[in-house]
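Here's the structure we're looking at; comments come further down.
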Amino acid sequence: MKLNTRSESFTKPLITLILIIPLFASCSRQRINVSEKTTPNFNSLSFNKKIDFSYAEKISIEKTEGYSLVKIEGEKPALIIEGNNPTPKNIPSEYTVCRKPLDKTYLVSTSAMDFFIKLGVLPSVRFSCIKKENWFLKEAADAMEKKELLHAGKYSAPDYELLLKEGCNLAMENTMIYHKPEVKEKLAVLGIPILVEKSSYEKNPLGRLEWIKLYGLLYGKEEAAENFFNEKLKELSSFSSETYPDKKIAFFYITSSGTANVRKSGDYIAKMVSIAGGKYFLDEMVDEDNNHSTMNMQFESFYAKALGSDILIYNSTIDGILESKNQLLKKNALFEDFAAFRNDKVYCTKENFFQETTGITDFIIDLNKVLKDDETGLTYLEKLR
């Protein structure tokens, strides 16, 4: 029987709809399945590649496609997610999750700023814990002058409102945050991931420098970081291979109470003296307390240990720069008895020494120069006259 035109015009769309509905359902199910397949389970991620660390012992980094696992000693593991990769399912609750790009970083660990500068990723630092006048790195000071880098409060009292308003996506802290657990908790509540920078805990000075590889990973400059580190190692191979085991270097400053603050024999400054070919003046002392890298010595004890040192280096970081040997005498007139003082071998570190983290190899070269009585082209040491 032939359908009439009206009935036929009604039936054809209905048949078409009946045929299409299962197709839509199938496509919908397919999309769901694809989504499920592309969102990995954390436990299924195979971190089968590693970033090699030859000297650093406080950090390890493992990688798989789209994801990296950063482990810093004493800290929660951190999962770094590349760009648009989905957040894996079943990430352990204790993990810190960071999604790149991390272009609104709040930098509390000021020693890390030099890594950003050398890698050319300073624009990724949006917030600073210190003000312009406290930066001795010109690039950082200039960025604050231009308002490209904003002061967001010190580590103990961040400007939470500013961090939220500007979209902070990473807080790079130092271990001072341990003294303010409530700040750490507040940042976590606000959804701002935290990494604690511990390069200063590396005993080997080259281990400290090698932390540039972490910043290469976080800010998309892995190859540049690797190349930079290797170039710095080459610089060390270029200086004099002569050693001066009989020449002692004392590194110190005088506190307001008159004691001498010195680096312990296991500290990285002492290691740099050794790499440079000299001998740290406290090498014979056994370091029984490994929790601190510095200690205060009564001046009488310091006098006995440092009197015969061939070179005196005054640490300007805390007490400020000295301009002359006479200023050192004002700290204590007994410095006139020291061999280095009598032989005009007294130096002071420049104010940028500790903020220029990547200058470790340059400082070792400085030490090597003064050990062999070459005072030309010093980078971080200023001779006192």
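The structure presented is a predicted model; accordingly, all values stated were derived computationally and were not measured.
Ring planes of F302 and F281: perpendicular class, angle over 60° (limits at 30 and 60°). Between Y219 and Y215, the two ring planes are parallel [angle under 30°; tilted spans 30° to 60°].
Checked against a 6.0 Å centroid threshold, the rings of F338 and Y314 do not count as neighbours. Ring centroids of Y95 and F42 are separated by less than 6.0 Å, placing the two rings close together.
With hydrogens and angles ignored, the 3.5 Å screen pairs a side-chain donor or acceptor of E210 with a backbone N or O of Y55. A donor-acceptor distance shorter than 3.5 angstrom exists from the side chain of N169 to the backbone of K104, with no hydrogens or angles considered. Under the 3.5 Å distance criterion, the side-chain polar atoms of K383 are matched with a main-chain donor or acceptor of D344. Checking side-chain atoms of R385 against main-chain N and O of K325 turns up no donor-acceptor pair under 3.5 Å. The main-chain N or O of T376 is found under 3.5 Å from a side-chain atom of K369 such that the two form a donor-acceptor pair. Side-chain atoms of Q327 come within 3.5 Å of backbone atoms of E323 as a donor-acceptor pair (strictly under, hydrogens ignored). Checking side-chain atoms of N343 against main-chain N and O of K345 turns up no donor-acceptor pair under 3.5 Å. Side-chain atoms of R263 do not come within 3.5 Å of backbone N or O of S293 as any donor-acceptor pair. In terms of modelled atom types and a separation under 3.5 Å, the side chain of K247 and the main chain of G277 share no donor-acceptor contact.
Salt-bridge annotation for D52 and K213: absent, with no side-chain N of the basic residue lying under 4.0 Å from a carboxylate O of the acidic one. Using a cut-off of 4.0 Å between Lys/Arg side-chain N and Asp/Glu carboxylate O, D159 and K165 are scored as not salt-bridged. No salt bridge links E173 with K180; every basic N to acidic carboxylate O contact stays at or beyond 4.0 Å. A salt bridge does not link E73 to K198: none of the charged nitrogens lies less than 4.0 Å from a carboxylate oxygen.
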Next item on the list: Apply side chain to side chain contact (heavy atoms under 4.5 Å, CB included) to F47 and L79, showing your working.
Entry: CA-CA 11 Å; F47 295 98; L79 179 67; 3.9 Å; yes

Next item on the list: Before giving the answer on salt bridge (charged side-chain N to carboxylate O under 4.0 Å, His left out), spell out for D362 and K232 the whole-Å C-alpha distance, their side-chain angles and the decisive distance to 0.1 Å.
Entry: CA-CA 9 Å; D362 296 309; K232 286 296 181 180; 3.5 Å; yes

Margin query: The test is salt bridge (charged side-chain N to carboxylate O under 4.0 Å, His left out); show your working for K350 and E356 and say whether it passes.
Written below: CA-CA 11 Å; K350 296 180 181 178; E356 289 193 10; over 6 Å; no

Notebook entry, point to check: Taking it one step at a time, do T255 and N261 satisfy side-chain hydrogen bond (donor to acceptor under 3.5 Å, both in side chains)?
Noted result: CA-CA 7 Å; T255 69; N261 181 274; over 6 Å; no

Margin query: The test is side chain to side chain contact (heavy atoms under 4.5 Å, CB included); show your working for F251 and L367 and say whether it passes.
Written below: CA-CA 11 Å; F251 187 92; L367 292 173; over 6 Å; no

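E375 CD: more than 12 foreign heavy atoms inside a 6.0 Å radius. Around atom NZ of K372, more than 12 heavy atoms belonging to other residues, nucleotides or ligands sit under 6.0 Å away. Within a 6.0 Å radius of CG in N230, more than 12 heavy atoms belonging to other residues, nucleotides or ligands are found. Enclosure of atom CD in E336 is not indicated, since only 12 or fewer non-hydrogen atoms of other residues, nucleotides or ligands lie within 6.0 angstrom. Atom CD of E161 is surrounded by 12 or fewer heavy atoms from other residues, nucleotides or ligands within 6.0 Å. Around the CD atom of E139, the shell of radius 6.0 Å holds more than 12 heavy atoms that belong to other residues, nucleotides or ligands. Remark: E223 CD is loosely packed, at most 12 non-hydrogen atoms of other residues, nucleotides or ligands lying under 6.0 Å away. Other residues, nucleotides and ligands contribute at most 12 non-hydrogen atoms within 6.0 Å of the NZ atom of K49.
Considering only heavy atoms from C-beta on, K89 comes within 4.5 Å of T39 through its side chain. L312 has its side chain within reach of F252: a pair of non-hydrogen atoms, C-beta onward, lies under 4.5 Å apart. Looking at heavy atoms from C-beta onward, Y178 lies in side-chain contact with K184 at the 4.5 angstrom threshold. When side chains are defined from C-beta on, V262 counts as touching M295, because their heavy atoms get closer than 4.5 Å. In this structure the side chain of P40 reaches within 4.5 angstrom of the side chain of Y67, judged on heavy atoms. Using a 4.5 Å cut-off on side-chain heavy atoms (C-beta onward), S124 and L218 make no contact. The closest side-chain heavy-atom distance from K271 to K203 is below 4.5 Å. Side-chain contact check for L378 versus V370: some heavy-atom pair is nearer than 4.5 Å.
Rounding to the nearest 0.5 Å places CZ of F116 at 8.5 Å from CG of L122. Separating the CE atom in M113 from the CG atom in L137 is a distance of 7.5 Å, to the nearest 0.5 Å. Interatomic distance, C348 SG to N315 CG, rounded to the nearest 0.5 Å: 8.0 Å. A distance of 7.5 Å separates OG in S109 from CE in M172, rounded to the nearest 0.5 Å. In this structure, CD1 in I275 is found 5.5 Å from CG in N204, a value given to the nearest 0.5 Å. Distance check, rounded to the nearest 0.5 Å: CD1 of I130 to NE2 of H151 gives 8.0 Å.
Scanning all heavy atoms of the two residues, the minimum distance from D246 to D310 falls at O-OD2, 3.5 Å. Of all non-hydrogen atoms in T110 and C129, the two that sit nearest each other are CG2-SG, 4.0 Å. S128 and W135 get closest at one heavy-atom pair: OG-NE1, 3.2 Å. Taking all atoms of both residues into account, the shortest heavy-atom contact from A276 to I364 is CB-O, 3.5 Å. For L209 against I360, the heavy-atom pair with the smallest separation is N-CD1, 4.0 Å. The two residues T349 and S316 come nearest to each other via the heavy atoms O-OG, 2.8 Å.
L236 is connected to F353 through a chain of hydrophobic side-chain contacts under 4.5 Å among Ile, Leu, Val, Met, Phe, Trp and Tyr, so both are in one cluster. Linking Ile, Leu, Val, Met, Phe, Trp and Tyr residues whenever their side-chain heavy atoms come within less than 4.5 Å places Y380 and F354 in a single cluster.
A donor and an acceptor atom, one from each side chain of S324 and N326, are nowhere located under 3.5 Å apart. Defined by atom type and a distance below 3.5 Å, a donor-acceptor pair is missing between the side-chain atoms of T357 and W211. Side chains of E166 and Y106: no donor on one and acceptor on the other come within 3.5 Å.
Taking the ring centre of Y268 as origin, the terminal cationic atom of R208 falls inside the region bounded by 6.0 Å and 45° from the ring axis. Judged by the 6.0 Å distance and 45° axis criteria, K118 is not positioned over the aromatic ring of F228.
No option in I72, N174, T175 other than T175 meets the side-chain contact (heavy atoms from CB on, under 4.5 Å) test with V196.
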